[in-house]
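Note that the numbering runs from 1 along the sequence shown for the chain.
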Amino acid sequence: MKFPRTSLRVVILVASIISVVGFCVAFWSLPQSAQVKRKSAKPAASDEITNLIRDPQKSLVRVRVSDKKDRDAAAGLGTIVDSNESFVLVAADSLPPALSED
């Protein structure tokens, strides 16, 4: 009995399909990492900055700055938590009337 000759493209296509199906079947039943319950580790000890951010008595304020003079003025509001090129984050004790939370 003589079999018809198959082209290389058909062989590669069939092999690719079998590989993809095999891969899907092999990993289909494994749980995703979001579904796996992990032992809850003790949270890392909070540092001074984290305590300032979490303090309910303080307000976290983003202040735009353009130079050192603006940065020094922003430091007058409270503790600078993060400093970037164009703005700083300040943990302010109390806000001036122009920056009220209302």
Trainee: Taking Leu77 as the starting point, is it possible to reach Val81 by hopping between hydrophobic residues whose side chains are less than 4.5 Å apart?
Mentor: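 Shared cluster, no.
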
Trainee: Can you tell me how far CG of Leu13 sits from CG of Leu8, rounded to the nearest 0.5 angstrom?
Mentor: 11.0 Å

Trainee: Decide side-chain contact (heavy atoms from CB on, under 4.5 Å) for Asp70 and Asp67; before the verdict, give the C-alpha distance in whole Å, the side-chain angles of both, and the deciding distance to 0.1 Å.
Mentor: CA-CA 5 Å; Asp70 290 344; Asp67 56 8; 3.3 Å; yes

Trainee: Is there a path of hydrophobic side-chain contacts, each under 4.5 Å between heavy atoms of I, L, V, M, F, W or Y residues, that connects Val20 with Ile12?
Mentor: no

Trainee: Check Arg71 against Glu85 and note the closest heavy-atom contact, atom names and distance.
Mentor: NH2-O, 3.7 Å

Trainee: With rounding to the nearest 0.5 Å, note down the distance linking CD1 in Ile49 to CG in Asp82.
Mentor: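 The distance works out to 9.0 Å.
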
Trainee: Quick one: closest heavy-atom pair of Ala74 and Val88, and the distance?
Mentor: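 So the minimum-distance heavy-atom pair works out to CB-CG2, 3.7 Å.
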
Trainee: So, taking the atom named CG in Leu60 and the one named CG in Leu52, what distance separates them when rounded to the nearest 0.5 Å?
Mentor: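 One finds 9.5 Å between CG of Leu60 and CG of Leu52.
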
Trainee: According to a 4.5 Å side-chain heavy-atom criterion applied to Ile, Leu, Val, Met, Phe, Trp and Tyr, with indirect links allowed, do Val61 and Phe87 form part of one hydrophobic cluster?
Mentor: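 In one cluster with Val61: Phe87, no.
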
